[in-house]
Visitor: 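The structure follows.
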Amino acid sequence: MVGGGDIAARKISLLHRAGAKVYVVARKLCEELATLHQQQQLIWLATEFEESQLDAVFLVIAATNDNALNQRVYNAAEQRQKLVNVVDDQARCSFIFPSIVDRSPLVVAISSGGKAPVLARFWREKLESLLPASLGEVARIAGEWRDRVKQHLPDVTQRRYYWERLFGGRFTALVAAGRQQEAEKIAEQELHQHSTPKGEIYLVGAGPGDPGLLTLRGLQVLQLADVVLYDYLVSDEILDLTRRDAERICVGKRAGAHLVIQEETNRLLVRLAQEGKRVVRLKGGDPFIFGRGGEELQVAAEAGIPFQVIPGITAASGATAYAGIPLTHRDHSQSVLFITGHCQPGSELDWPSLARARQTLAIYMGAMNAETISRELIAHGREPHTPVAIISRGTRADQQVSKGTLAGLGELAQQAPSPALLVIGEVVLLQDQLAWFQTSSSQVDDDPRLNPSV
């Protein structure tokens, strides 16, 4: 440590916790460091810095207000290939001190890579209030039991289930209350009462794309999963929230290019659950709104496999909210219909009902059939100048909103990236006023109701 002030004292305090032997080079020591020196807890090596002082150390810290001296320390450490940290100077750091939540042996480190240390400290304070002080004792006891559990449960999945049951039950509460013997009795009972893991299926709605819209329960289930079956509509940011060692299998479908047929997905769900795995079927939006979630759970029910459903924010709700288009409004629309533009062969939409005025149509997977939708709605009475919007990649950073009229819907859809949601109705008129997530949207029609400047 080159420097003997208060900042140096804070760094040395952390190093002492890690068991480090600390040498200090400083013209004088602050009161705290002087006390440590008197207690022989640090070595005051010299009052002036010399490069040779770095030869026998592992890492180097410069904590002075002398920029030239800090540069000398940095250069000397780099030449000797020593880890070096010049305090509050990111460019001259080969390592960073993270903000630490210490529940030893459980330690949480938060780092911004030197970009925003105050932000890291801010979140450390948040975590300090969330993590109970007893976590360290829980971790210590778990460490004493680890070899015993490994011998008794040779299967890694069984061991993981055991620890999850233990940490999620009375064991942690008893440790927090200082009742260690009772806590260890619980650990012993759980060890001998274990059973073969039973498979289960969790049908989870991932929302429309923004990971912030994933529900808390959805996040919890993703952290439990042994295997995740996901679609293309699930964003990478949400997939990154799954447990790191969980198996990921893409069973995605794209219009006109199915990767895995539905029947094969159904069989895979059943087989994985029958192997005793916790299977998450992760779908974009809400799995029960045009997501075939009901079909997949029917197969699970027939096979006698237990399942749970964790709903998600459906695309029509999330994408329109981010686009600034309310689905209903007292002045424009008293009802909203969610429909799919991609129907089973032989099925027919109720066009007269869909063409009624003063209602909003939110059409999933409708871009490929936009020309037909436009033609049929107009033929059954909807005005050709009815406002429409196409929201592409809704709620994501690259969201696009294109607006026009019903008469030009087919042409508008040809330019829209997928996935896209079609919105038809007078509520689209409010988008210019209510758009908050993005201000860029394209106007492709000269109708003055869509573009007040015309």
Side-chain angles (χ1 to χ4, degrees), residues 208 233 253 255-256 262 284-295 313-321 323-392 394 401-416 418-432 434 441 443-451:
L233 292 179
K253 302 173 182 65
Q262 185 63 51
D286 182 275
F288 276 4
I289 299 181
F290 306 125
R292 296 189 178 180
E295 299 175 33
I313 295 176
T314 188
S317 178
T320 55
I325 301 175
L327 288 170
T328 62
H329 190 281
R330 287 192 299 174
D331 295 336
H332 301 290
S333 175
Q334 282 69 54
S335 63
V336 57
L337 298 178
F338 292 178
I339 62 175
T340 174
H342 182 69
C343 300
Q344 288 276 39
S347 62
E348 182 66 27
L349 294 174
D350 185 0
W351 293 111
S353 295
L354 297 179
R356 292 172 184 165
R358 300 184 64 79
Q359 69 178 357
T360 304
L361 301 181
I363 305 177
Y364 296 69
M365 300 169 285
M368 292 184 64
N369 295 321
E371 190 70 46
T372 300
I373 292 169
S374 172
R375 183 179 64 250
E376 292 293 339
L377 288 176
I378 293 173
H380 287 84
R382 199 76 192 245
E383 293 292 341
H385 57 255
T386 300
V388 301
I390 299 182
I391 307 170
S392 297
V401 182
S402 301
K403 293 183 294 182
T405 61
L406 183 57
L409 180 61
E411 182 179 352
L412 189 65
Q414 292 177 8
Q415 311 300 323
S418 62
L421 178 81
L422 279 55
V423 184
I424 299 173
E426 284 70 17
V427 289
V428 173
L429 295 171
L430 301 170
Q431 197 264 347
D432 285 335
L434 301 182
S441 61
Q443 303 275 0
V444 297
D445 202 284
D446 292 334
D447 192 310
R449 287 167 297 184
L450 294 178
N451 190 349

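Note that the structure is predicted; figures quoted are calculated from it, not measured.
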Visitor: Can you name the side-chain contact (heavy atoms from CB on, under 4.5 Å) partners of Q334, sequence neighbours left out?
Guide: R358
Visitor: If I compare all heavy atoms of S335 with all of T328, which pair ends up nearest, and what's the gap?
Guide: C-CG2, 4.3 Å
Visitor: What distance separates L233 CG from M365 CE, expressed to the nearest 0.5 Å?
Guide: 9.0 Å
Visitor: For I390 and A416, work out which heavy atoms get closest and say how close.
Guide: CG2-CB, 3.6 Å
Visitor: Is there a side-chain contact between L377 and L409, using heavy atoms and a 4.5 Å cut-off?
Guide: no
Visitor: Applying side-chain contact (heavy atoms from CB on, under 4.5 Å), can you list everything that pairs with S333, at least two apart in sequence or on another chain?
Guide: T360, V427
Visitor: Compare every heavy atom of L430 with every heavy atom of P326, then report the nearest pair and how far apart it is.
Guide: CG-CD1, 3.6 Å
Visitor: Enter the distance from I424:CD1 to L354:CG here, rounded to the nearest 0.5 Å.
Guide: 9.0 Å
Visitor: Measuring from atom CG of L349 to atom CD1 of I363, what distance do you get when rounded to the nearest 0.5 angstrom?
Guide: 8.5 Å
Visitor: If I take atom CD from residue E411 and atom OG1 from residue T405, how far apart are they, to the nearest 0.5 angstrom?
Guide: 10.0 Å
Visitor: Please identify each residue that fulfils ring-ring contact (aromatic ring centres under 6.0 Å, His included) with F290, with sequence neighbours left out.
Guide: Y364
Visitor: To the nearest 0.5 Å, tell me how far H332 NE2 sits from L429 CG.
Guide: 6.0 Å
Visitor: So, using side-chain contact (heavy atoms from CB on, under 4.5 Å) as the criterion, who are the partners of R356 when residues are at least two apart?
Guide: S353, Q359
Visitor: Kindly write out the residues that satisfy ring-ring contact (aromatic ring centres under 6.0 Å, His included) with F288, not counting sequence neighbours, or none if the list is empty.
Guide: none
Visitor: If we only count heavy atoms from C-beta on, is the I313 to P208 side-chain gap below 4.5 Å?
Guide: yes
Visitor: So which atom in L327 and which in A362 form the shortest heavy-atom distance, rounded to 0.1 Å?
Guide: CD2-CB, 4.5 Å
Visitor: If you compare all heavy atoms of A367 against all heavy atoms of A413, which two are closest, and at what distance to 0.1 Å?
Guide: O-CB, 3.7 Å
Visitor: Could you go step by step and tell me if L361 and L422 meet the side chain to side chain contact (heavy atoms under 4.5 Å, CB included) rule?
Guide: CA-CA 8 Å; L361 301 181; L422 279 55; over 6 Å; no
Visitor: Which pairs count as side-chain hydrogen bond (donor to acceptor under 3.5 Å, both in side chains) when at least one residue sits in residues 371-382, sequence neighbours excluded?
Guide: R382-E426
Visitor: Measure the spacing between CH2 of W351 and CD1 of I378 and express it to the nearest 0.5 Å.
Guide: 11.0 Å
Visitor: Closest heavy-atom contact between G324 and L434?
Guide: O-CB, 3.4 Å
